[in-house]
Amino acid sequence: MSYGYIKIGSEEKAFIAKVEEISGQNVYSCYQCGKCSAGCAFSYKMDKTVNQFIHLIQLGQKERTLDANTHWICASCFTCTVRCPREIDVAALMEAVREISLRENPEKVRIADLPKESLEKLPNIALVSNFRKKTG
Ligand code: SF4
Ligand code: SF4
């Protein structure tokens, strides 16, 4: 995927630094091999694949990163973390982006706003997982 010419200035660097601080990972360790995306059971639901998502972080593209659904679809199964040849804890990157998103917009996902029919259909584990994402 090409994003054209992107200047990595102070805002971009601040976003990269924040993701790295929260996750404890070096995003530039990633060499875009795509193994994380290939092993993710939820890739088909993501508008940016896992490695595309990491590429956005490497470029400091905060808005595009937060706008993606990738970190919300992620189920924190750690398959990507286990598969990464660079030993990057990819799941921790997902968690870091969720945290940044929720710090900026704590009301992004409100359980109270979910329709009753969805609450009846959703398995308990999905709700617990959602709460964990929101409070992690
Ligand atoms: S598996 Fe690791 S190195 Fe490969 S694209 Fe994913 S994060 Fe990057
Ligand atoms: S931790 Fe998230 S991104 Fe990684 S393989 Fe599991 S669901 Fe996919």
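Counting starts at 1 for both ligands and their atoms, in listed order.
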Strictly under 2.8 Å, is any N, O or S atom of C84 next to atom 6 (Fe) of ligand 1? no
Taking only heavy atoms of T79, which atoms of ligand 2 are found under 4.0 Å from at least one of them? 5 (S)
Any donor-acceptor N/O pair, Q32 side chain to N51 backbone, under 3.5 Å: yes
Backbone N or O of H71 within a donor-acceptor pair of the R98 side chain at under 3.5 Å? yes
Atoms in ligand 2 with a heavy atom of F42 nearer than 4.0 Å: 7 (S)
Provide the number and element of each atom of ligand 1 under 4.0 Å from a heavy atom of V90. 7 (S)
Side-chain donor or acceptor of Q61 paired with backbone N/O of L59 under 3.5 Å: yes
Could you tell me which atoms of ligand 1, counted from 1 in the order shown, lie closer than 4.0 angstrom to a heavy atom of N51? 5 (S)
So is R86 in contact with ligand 1, going by heavy-atom distances below 4.0 Å? yes
Given 3.5 Å as the limit, does a donor-acceptor pair link the side chain of E99 with the main chain of A96, or not? no
Would you check if the side chain of S43 reaches a backbone N or O of S37 as a donor-acceptor pair within less than 3.5 Å? yes
Counting only heavy atoms closer than 4.0 Å, does ligand 1 sit against the backbone of V50, its side chain, both, or neither? neither
Which of the numbered atoms in ligand 1 are below 4.0 angstrom from a heavy atom of P85? 1 (S)
Distance-only, no hydrogens or angles: does the S101 side chain make a donor-acceptor pair with backbone N or O of L66 under 3.5 Å? no
How far is atom 8 (Fe) of ligand 1 from the closest protein heavy atom, and which atom is that? C30 SG, 2.4 Å
Check for a donor-acceptor pair, side chain of E20 on one end and backbone N or O of V27 on the other, with a separation under 3.5 Å. yes
C40 near atom 6 (Fe) of ligand 2 via N/O/S, less than 2.8 Å: no
Any ion pair linking K121 and E117 (charged N to carboxylate O, less than 4.0 Å)? no
Any side-chain to backbone donor/acceptor pair from D89 onto A92? Under 3.5 Å, distance only. yes
Is any NZ, NE, NH1 or NH2 atom of the basic residue among K62 and E104 found under 4.0 Å from an Asp or Glu carboxylate oxygen of the other? yes
Using a 4.0 Å cut-off to any heavy atom of I54, which atoms of ligand 1 qualify? 7 (S)
Has C74 got an N, O or S atom lying less than 2.8 Å from atom 2 (Fe) of ligand 2? yes
Just to confirm my output: which protein heavy-atom neighbour is closest to atom 4 (Fe) of ligand 2, and how far is it? C80 SG, 2.2 Å
Starting from atom 6 (Fe) of ligand 2, what is the nearest protein heavy atom, named by residue and atom, and what distance separates them? C77 SG, 2.3 Å
Suppose I only count heavy atoms of S76 and a 4.0 Å limit; which atoms of ligand 2 are within that range? 1 (S), 2 (Fe)
How far is atom 7 (S) of ligand 2 from its nearest protein heavy atom, and which residue and atom is that? A75 N, 3.2 Å
Between T81 (side chain) and V90 (backbone), is there a donor-acceptor pair under 3.5 Å? yes
Need the ligand 1 atom indices (1-based, order shown) with element for anything under 4.0 Å from a heavy-atom of C33. 1 (S), 3 (S), 4 (Fe), 5 (S)
Under a 4.0 angstrom heavy-atom cut-off, which atoms of ligand 1 come close to Q32? 5 (S), 8 (Fe)
